[in-house]
Amino acid sequence: MDLHILEHRLKVTSLSKAGLERYTHGLIKLVFLRDRTRCKFFCLTEMPNDYTLVLDEEGFKELPRTDFLQVVEATWLALNVVSNGHSSTGSQTVGVTKIAKSVIAPLAQHKVSVLMLSTYQTDFILVRESDLPAVIHTLSEEFSIYREVNGESVAVTSTDVSNGFLKSKNGFSPTLHPVLSPKNLFCVMSLDPDTLPTIATTLMDVMFYSTSVKWESADQDLDHIHFFSFSLIDGYISIVVDTQTQKRFPSNLLLTSASAELWRMVRIGGQPLGFDECGIVAQISEPLADADISAYYISTFNFDHALVNNNGNLNLLTNLHPRELRLNPAHYFPICWTFLQRDVVRFGCKVAY
């Protein structure tokens, strides 16, 4: 397999919904007028309280700097695994499972923090640009590594990187975070970019007016969680919505897999995870890989989200090693206790508080 370091230099941001009206013009340009922005990597993921925006430097220029926008100081690079000389982009992927052991786990062992972005077409592993020497050093024995330069793929070896600090392989002791699974099911879909104007009204309604839908009461007991993700990356569109929202789109335009799978979500984190911790993705993806369970994985500014095929995988957490969910009652008790009473015991987890 080959590992490609894409040209995109990315920023990871969080946009508070309270300031959304100041950003609608820029977001509309990024989604519907991409030729005017020259943005080639754009992903918007909506959670109940904020939007996570992952976008390249050209796209970042479209976002005004206000107190409503939080920006991670680091610049991130996107890695893409290519099999048999062909990128998976353009055909549906099976998610993060297949790259868990070969990429994600070794990087965690070498204390490299990653973000994940699974789309309908492929999976992107996001690493800090400052960690690139450690990434190349860690993965060069397993992969042929290439870096895109002006549209061309140039081979990279561990001797090509600077002699900066390389993180040693001392293992890691990851924090065990709460894992929460709402009841609503999700769809992972794509769309021909030429048909994007056809769904413009619906897409803007979903992106900008979700607060008019009464999600808040449902979120309190985690029966349902509002989650919507739209990405436009190198001309390919990926959309993740729950089945309720999917009905608002014309079905004849949306592309799904032949079996039209539905996906169950697992959210990792009871409070914001931060960006320095290593091994969060590995904790979820490795056991799924061992069980040969396909999954998508989407990291946002505050939490991580795994989407697991609903067919026979409702007992997802039994495929993960039994874990202790360490909860601070002051932070998590009102939100999590209903879920924990209902589901955690069934999944063989122990609660400590």
Side-chain angles (χ1 to χ4, degrees), residues 2-14 39-43 45 52-61 63 65 69-82 96 99-100 102-118 123-150 152-175 233 269 272-283 285 297-304:
D2 298 339
L3 183 71
H4 283 227
I5 305 167
L6 305 184
E7 283 188 293
H8 312 295
R9 301 180 76 245
L10 307 175
K11 304 300 290 186
V12 178
T13 73
S14 172
C39 177
K40 296 182 179 179
F41 195 112
F42 172 79
C43 179
T45 302
T52 293
L53 302 173
V54 181
L55 66 177
D56 62 23
E57 291 175 318
E58 290 294 330
F60 187 63
K61 295 176 182 178
L63 304 180
R65 309 302 182 263
L69 188 72
Q70 299 181 64
V71 183
V72 181
E73 290 186 5
T75 297
W76 298 76
L77 300 176
L79 313 180
N80 186 221
V81 175
V82 177
V96 70
I99 60 174
S102 56
V103 179
I104 298 170
L107 291 180
Q109 290 290 338
H110 283 79
K111 300 182 181 180
V112 175
S113 179
V114 305
L115 302 177
M116 277 297 307
L117 176 58
S118 293
D123 299 288
F124 298 99
I125 308 105
L126 274 55
V127 300
R128 287 183 177 90
E129 188 173 44
S130 59
D131 283 333
L132 188 58
V135 171
I136 295 174
H137 176 77
T138 301
L139 301 178
S140 59
E141 292 185 6
E142 181 75 19
F143 292 91
S144 297
I145 301 178
Y146 298 87
R147 186 161 191 175
E148 292 187 1
V149 179
N150 298 323
E152 299 292 332
S153 295
V154 178
V156 177
T157 66
S158 58
T159 58
D160 293 330
V161 299
S162 65
N163 294 321
F165 172 72
L166 296 178
K167 300 181 181 183
S168 61
K169 184 177 179 180
N170 295 323
F172 65 100
S173 300
T175 302
I233 300 173
L273 297 171
F275 296 93
D276 294 323
E277 185 178 338
C278 305
I280 298 174
V281 181
Q283 286 184 81
S285 61
Y297 199 103
I298 298 176
S299 300
T300 61
F301 199 89
N302 292 316
F303 303 104
D304 282 7

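Note that the numbering runs from 1 along the sequence shown for the chain.
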Just by distance, do the side chain of [X] and the backbone of [Y] share a donor-acceptor pair under 3.5 Å?
| X | Y | value |
| --- | --- | --- |
| Asp56 | His8 | no |
| Asp2 | Val81 | no |
| Thr52 | Phe301 | yes |
| Lys11 | Glu73 | yes |

At what distance, to the nearest 0.5 angstrom, does [atom1] of [X] lie from [atom2] of [Y]?
| X | Y | atom1 | atom2 | result |
| --- | --- | --- | --- | --- |
| Leu115 | Asp304 | CG | CG | 7.5 Å |
| Ile145 | Ser153 | CD1 | OG | 13.0 Å |
| Arg147 | His4 | CZ | NE2 | 13.5 Å |
| Arg65 | Thr13 | CZ | OG1 | 9.5 Å |
| Asp123 | Tyr297 | CG | OH | 12.5 Å |
| Thr75 | Leu126 | OG1 | CG | 11.5 Å |

task = Go through the steps to decide whether Ile136 and Leu3 satisfy the test side-chain contact (heavy atoms from CB on, under 4.5 Å), and finish with yes or no.
result = CA-CA 10 Å; Ile136 295 174; Leu3 183 71; over 6 Å; no

Search all heavy atoms of [X] against all heavy atoms of [Y] and return the closest pair with its distance.
| X | Y | value |
| --- | --- | --- |
| Thr138 | Pro106 | CG2-O, 3.7 Å |
| Ile298 | Ser118 | CG1-O, 3.9 Å |
| Glu148 | Leu6 | OE2-CD2, 3.3 Å |
| Cys39 | Phe41 | SG-O, 3.4 Å |

note = Checking Leu79, Val103, Val114 against Val135 for side-chain contact (heavy atoms from CB on, under 4.5 Å), the one that qualifies is Leu79

query = Using the ring of each side chain (for Trp, its six-membered ring), is His137 parallel, tilted or perpendicular to His110, with breaks at 30° and 60°?
reply = perpendicular

Does [X] reach the side chain of [Y], with side-chain heavy atoms less than 4.5 Å apart?
| X | Y | result |
| --- | --- | --- |
| Leu63 | Leu55 | yes |
| Asp131 | Leu77 | no |
| Val54 | Trp76 | no |
| Leu10 | Phe124 | no |

salt_bridge(Arg9, Glu129) N-O dist < 4.0 Å = yes

